[in-house]
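Just below is one structure, and these are the notes that go with it.
Along the sequence shown, residues are numbered consecutively beginning with 1. From a predicted model like this one, the values you see are computed outputs, not experimental measurements.
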Amino acid sequence: MYGNQIYDVEVKPVILERNIANSKVMFQGELEVKFIYATNQTCGIGTKEMKIPFDYEMQVTNITANTNISAEIEITSQNFIVGTDGMIEAGVDLCFILDVSNTISINIIDEVNIDETRNKEIYSMVIYFVKQGDTLWNIAKKFGSTVCDIVRVNKIEDENKIYPGQQLFIPKYVFTKREETA
């Protein structure tokens, strides 16, 4: 650069590659830098674009090659000084913000056996008043009913919204064994 004054600098960090190994996340990237500066030529203003490579390594616990990681880089400070020889001394502080998540699969129910020899008959109706911490699933389980039937009987629009003190009619079922005839 020919002048000794910088009018503006635009810095954009770009991640080119991300690798995960041994509880570390390693980034390779570059800073795309655009300068607007004073020149000694007749127009007086010049522009220059350059790319400055960077490597960054971060220790992160409980990660594997299948860990989901999204990264964001913020520029916390930047300082550019033009020397008497026209060389620019650059100082840019980067802050890496990671969002880390692991996807796991768990088996909640291993096997379901349906006994085809049972008849389901409505046994009775219970009036229940919702208590703090109740869910329709817990109430249905407690009374041998189903969430769908409680929702249907009480005309509940959102099964996740029940309130302490709310009165619910609970259809209660009893199962009887069907007699097989030969």
Side-chain angles (χ1 to χ4, degrees), residues 1-113 130-141 146-148 150-151 156-164 166:
M1 289 193 213
Y2 300 102
N4 61 358
Q5 184 175 355
I6 297 174
Y7 293 124
D8 192 23
V9 180
E10 179 183 326
V11 180
K12 179 181 171 190
V14 177
I15 297 172
L16 301 174
E17 190 174 331
R18 181 190 74 219
N19 293 307
I20 301 171
N22 301 325
S23 295
K24 292 180 184 175
V25 181
M26 293 149 298
F27 296 98
Q28 290 181 335
E30 60 190 16
L31 297 176
E32 295 177 353
V33 183
K34 296 178 184 175
F35 293 98
I36 298 176
Y37 61 94
T39 67
N40 291 334
Q41 298 174 352
T42 56
C43 73
I45 295 179
T47 61
K48 175 102 173 143
E49 294 183 20
M50 58 179 30
K51 295 183 180 187
I52 303 169
F54 69 83
D55 291 319
Y56 182 73
E57 189 174 287
M58 180 182 269
Q59 188 76 27
V60 180
T61 57
N62 299 326
I63 62 170
T64 66
N66 296 325
T67 298
N68 300 316
I69 297 177
S70 64
E72 185 179 317
I73 303 174
E74 290 182 1
I75 298 171
T76 56
S77 69
Q78 60 187 22
N79 188 23
F80 297 92
I81 300 170
V82 179
T84 55
D85 59 355
M87 298 296 288
I88 297 176
E89 184 180 313
V92 178
D93 289 329
L94 302 176
C95 178
F96 285 76
I97 302 166
L98 298 184
D99 185 13
V100 179
S101 63
N102 287 317
T103 304
I104 60 170
S105 297
I106 58 172
N107 291 329
I108 297 175
I109 300 174
D110 289 335
E111 183 179 316
V112 175
N113 294 322
V130 176
K131 296 181 182 111
Q132 186 70 33
D134 276 344
T135 64
L136 286 182
W137 187 85
N138 288 336
I139 295 168
K141 182 178 172 187
T146 67
V147 171
C148 290
I150 295 172
V151 166
I156 297 173
E157 290 183 20
D158 184 350
E159 67 184 54
N160 295 313
K161 291 185 179 177
I162 58 173
Y163 307 97
Q166 181 179 1

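Around atom CD of Q132, no more than 12 heavy atoms belonging to other residues, nucleotides or ligands sit under 6.0 Å away. Within 6.0 Å of CG on N68 lie more than 12 heavy atoms contributed by other residues, nucleotides or ligands.
A 4.5 Å side-chain heavy-atom check between E89 and M87 finds every atom pair outside the cut-off. Between V11 and E32 the shortest side-chain heavy-atom distance does not fall below 4.5 Å. No side-chain heavy atom of V25 sits under 4.5 Å from any side-chain heavy atom of E57. With a 4.5 Å cut-off on side-chain heavy atoms, I73 and I15 count as touching. Between I6 and I36, the closest side-chain pair of non-hydrogen atoms is not below 4.5 Å. Under the 4.5 Å side-chain criterion, counting only non-hydrogen atoms from C-beta, Y163 is not in contact with V130. Within the 4.5 Å cutoff, the side chain of N160 has no heavy atoms near those of the L136 side chain. Within the 4.5 Å cutoff, no side-chain heavy atoms of S23 are placed close to those of T61.
Annotation: the span from M58 atom CE to I69 atom CD1 amounts to 9.5 Å, rounded to 0.5 Å. A distance of 12.0 Å separates NZ of K161 from CD of Q166, quoted to the nearest 0.5 Å. Rounded to the nearest 0.5 Å, atoms CD1 (I139) and NZ (K131) are 8.5 Å apart. Atoms NZ and OG1, from K141 and T146 in turn, are 15.0 Å apart once rounded to the nearest 0.5 Å. Between the CD atom in E30 and the CG atom in D55 there is a gap of 11.5 Å [rounded to 0.5 Å].
Ring orientation note: the planes of F96 and Y56 are close to parallel, at an angle under 30° on the 30°/60° scale.
Centroid-to-centroid, the aromatic rings of Y7 and Y37 stay 6.0 Å apart or farther. A distance below 6.0 Å separates the ring centres of F35 and F80.
Not a single side-chain hydrogen bond (donor to acceptor under 3.5 Å, both in side chains) links N79 to another residue, sequence neighbours left out.
Listed for the T76 side chain is no donor-acceptor partner under 3.5 Å among the backbone atoms of C95. Judged purely by atom type and a 3.5 angstrom limit, N22 has no side-chain atom pairing as donor or acceptor with the backbone of K24. No side-chain donor-acceptor contact under 3.5 Å links R18 to the backbone of S70.
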- Determine, step by step, whether L16 and F54 satisfy the side chain to side chain contact (heavy atoms under 4.5 Å, CB included) criterion, reporting the C-alpha distance in whole Å, the side-chain angles of both residues, the deciding distance to 0.1 Å, and the verdict. CA-CA 10 Å; L16 301 174; F54 69 83; over 6 Å; no
Just do the side chain to side chain contact (heavy atoms under 4.5 Å, CB included) check on V33 and V92 with the steps written out, would you?
-> CA-CA 11 Å; V33 183; V92 178; over 6 Å; no
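Between A140 and V147, the closest heavy-atom pair is CB-N, 3.7 Å. Residues E17 and N19 approach most closely at OE2-ND2, 3.0 Å, considering heavy atoms.
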